[in-house]
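Just below is one structure, and these are the notes that go with it.
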Amino acid sequence: MHDKTLAELARGLDAGEFSSRELTQHLLGRIDRLDGELNSFITVTFDQALAEAEAADAARAKGDAGPLTGLPLALKDIFCTRDVKTSCGSKMLDSFVSPYDATVVERLKAAGTVSLGKTNMDEFAMGSSNENSFFGPVKNPWDLAAVPGGSSGGSAAAVAAGLVPAAMGTDTGGSIRQPAAFCGITGLKPTYGRVSRYGMIAYASSLDQAGPMARSAEDCALLLGAIAGHDLRDSTSVARGVPDYLAELNAPLSGLKIGLPREYFGDGLDPEVEAATRAAIQAFETLGATVREVSLPHTHYAIPAYYVIAPAEASSNLSRYDGVRFGHRCDNPADLIDLYKRSRAEGFGDEVKRRILIGTHTLSEGFFDAYYKKAQQVRRLIRQDFLDAFEEVDVLMGPASPTPAFDLGANKDPVSMYLQDIYTIAVNLAGIPGISVPAGFVGNRPLGLQILGTHFAEAQLLNVAHQFQQATDWHRRRPAFAEETA
């Protein structure tokens, strides 16, 4: 059962091949046996999962089942979940038990899904390797010496290892697409505002977006249909109807116009990654698409703009963690100032502190116009680059990352780590959707093909990705680790 996609499991439940309880027990058993080595989960909700599975079986017996009823998944530990610890990978929130559900969690529960637990992540979603977690690094199931990517690395590793068929992640600068690429799964970052951020612990509010991580584009379409839509509790949520993302999956690609940004195939791209990416794109030509080169001229400004805007918003968002209302509190503070200083110093890790300091500096008097305002102006230029490109082509394609998954501990310099997101960050700055699909290997480490579309073009991206997956088998390949225990 652990080798099936979400859609295949749904068909199995419909056919009565197994019950939701049997499926849930099987996967909980795998988590118990295998995750000690991967470290992909922070919290496993055994009792809650079995209760939800039994409720799903009862609903199915009464004929009340929907497309997702009884299907297990996991949640990145950034989504507030009622009566379950929500740590955000940080010591600061190690003891925080949420009193409410995030909208994403609420909608998945309403759809009848079964949550197996909360997955590991870079602290407050700040990282590209999942090495910044207070709970220790996650390992890549394809190669235990490699990182799974970040910040949604726990979700990606759990899906790749067959511990769960799908998981929810969040993407602020590539944190769904890059770990999906590193772990050989499919990851979708929707248009900003397509999915509610209510109850999703904030890192950078104008960039954060929730999305599904699964084995196939079809699975992502199933999940996006459940979580997308307007939410009055989120002022950035867009009041726009939700299409049937499954309806257009099988539409032919004849006439599709694909653009290859020349800036995504230049210096810094590993030659083997480039070769695999170009080979994957050739598959679309056999499906009837045409390919041409385009330009996104302000791409090289994306990383500096992002690392002004995101830390500035993080500095503001994380000011609430002061040791007073909730979260970590230091012992025996001498006074209020000592409480603030020591609680934050003890509760936050090094990367979080680094970004808070950068953000506070860029927002300070005398630097706001020079840094933050200028970065927002550059952001507008980057967005316009994409809009101009989509006047010429339907979708853009390129690598999800300049390299395959790197070794644990290999990128100790923060700047070299930041450069891992060179092809993903601009997408968040522009607010457009993107998807990463498995598209090859370098040695035993997977690669991802990134496909980008204009605002609210998720249905088209899922169609393009699905057709690619019908013509290739990269998404069907499994790491040996996944089969170590049946």
CE (M121) and CE (M126) are apart, to the nearest 0.5 Å, by 9.0 Å
Quick one: do the D388 and Q384 side chains pair a donor with an acceptor below 3.5 Å? yes
Closest non-hydrogen contact found for A302 with L429 is O-CD1, 3.7 Å
Do Q450 side-chain atoms and Y423 backbone N/O form a donor-acceptor pair below 3.5 Å? yes
Taking Y203's backbone N and O only, do any of them form a donor-acceptor pair with D208's side chain (distance below 3.5 Å, no angle check)? yes
Hey, is R233 close enough to E106 for a salt bridge, meaning N to O under 4.0 Å? yes
Any donor-acceptor N or O pair under 3.5 Å, side chains E313, S206: yes
Any Lys/Arg nitrogen of E123 or K91 sitting under 4.0 Å from an Asp/Glu carboxylate oxygen of the other? no
Any donor and acceptor pair, going by atom type alone, linking the side chain of T81 with main-chain N or O of F79 inside 3.5 Å? yes
Check step by step if side chain to side chain donor-acceptor pair (under 3.5 Å) holds for D77 and S87. CA-CA 6 Å; D77 203 21; S87 74; 2.5 Å; yes
Start with the C-alpha gap between Y100 and Y198, add the side-chain angles, then the distance that decides, and say whether ring-ring contact (aromatic ring centres under 6.0 Å, His included) holds. CA-CA 11 Å; Y100 71 101; Y198 177 78; 5.5 Å; yes
Is there a donor-acceptor pair closer than 3.5 Å between any side-chain N or O of D234 and the backbone N or O of R197? yes
Do R278 and F265 meet the cation-pi criteria used here (NZ or CZ under 6.0 Å from the six-membered ring centre, within 45° of the axis)? yes
Does one side chain, of N428 or R177, offer a donor that lies under 3.5 Å from an acceptor on the other? yes
What verdict does the side chain to side chain contact (heavy atoms under 4.5 Å, CB included) test give for S216 and H466, after you've listed the backbone C-alpha separation in whole Å, the side-chain angles of each residue and the deciding distance to 0.1 Å? CA-CA 7 Å; S216 70; H466 179 70; over 6 Å; no
Show your working on side chain to side chain donor-acceptor pair (under 3.5 Å) between D231 and T103 and close with a plain yes or no. CA-CA 8 Å; D231 180 9; T103 297; 2.5 Å; yes
salt_bridge(D171, K189) N-O dist < 4.0 Å: no
Measure up the F182 and F406 rings against each other and bin them: parallel (under 30°), tilted (30 to 60°), perpendicular (over 60°). perpendicular
If only atom types and distance count, is the side chain of R82 paired as donor or acceptor with the main-chain N or O of P99 below 3.5 Å? yes
Going by atom types alone, do T119 and S155 pair a side-chain donor with an acceptor below 3.5 Å? yes
Side chain to side chain donor-acceptor pair (under 3.5 Å) between H300 and E263: does it pass, once the steps are laid out? CA-CA 8 Å; H300 60 292; E263 293 80 6; over 6 Å; no
For A102 and G199, the nearest pair of non-hydrogen atoms, with its separation, is CB-O, 3.3 Å
Using a distance-only test with no angle check, is there a side-chain donor-acceptor pair under 3.5 angstrom linking T186 and Q469? yes
For H361, run the ring pair (Phe, Tyr, Trp, His ring centres under 6.0 Å) check against F367, Y372, F368 and tell me which one passes. F367
Please confirm whether the backbone N or O of N130 pairs with a side-chain atom of D122, one donor and one acceptor, at under 3.5 Å? yes
Would you say the side-chain atoms of S98 pair up with the backbone N or O of T86, donor to acceptor, closer than 3.5 Å? no
Looking just at side-chain N and O atoms, do D270 and T403 make a donor-acceptor pair shorter than 3.5 Å? no
Presence of salt bridge, D338 and R342, under 4.0 angstrom: yes
Working note: F386 + L396, criterion side chain to side chain contact (heavy atoms under 4.5 Å, CB included); need CA distance, chi angles, decisive distance, verdict. CA-CA 9 Å; F386 283 110; L396 300 172; 3.7 Å; yes
With a 4.5 Å heavy-atom cut-off, do L224 and L462 have their side chains touching? yes
Regarding D407 and R445, does a basic nitrogen lie under 4.0 Å from an acidic carboxylate oxygen? yes
Might you work through the salt bridge (charged side-chain N to carboxylate O under 4.0 Å, His left out) test for R344 and D322, ending with a clear yes or no? CA-CA 6 Å; R344 288 170 68 79; D322 54 12; over 6 Å; no
Classify the side-chain pair K76/T170 by whether it contains a donor and acceptor separated by less than 3.5 Å. yes
Pair S315-T360, side chain to side chain donor-acceptor pair (under 3.5 Å): steps then yes or no: CA-CA 6 Å; S315 172; T360 303; 2.7 Å; yes
Angle between ring planes, Y321 versus F124, binned at 30° and 60°: parallel, tilted or perpendicular? tilted
Donor-acceptor contact present, side-chain R107 to main-chain G229, <3.5 Å: yes
May I ask you to decide whether E351 forms a salt bridge with R354, counting only side-chain N to carboxylate O separations under 4.0 Å? yes
Go through the side-chain N and O atoms of T191 and E458 and say whether any donor and acceptor fall under 3.5 Å apart. yes
Taking the side chain from Q178 and the backbone from G150, do they hold a donor-acceptor pair closer than 3.5 Å? yes
Check ion pair D94-K85 (N to O, under 4.0 angstrom): yes
Do the charged groups of D369 and K374 touch, with an N to O distance under 4.0 Å? no
Is there a donor-acceptor pair under 3.5 Å between the side chain of S319 and the backbone N or O of S316? yes
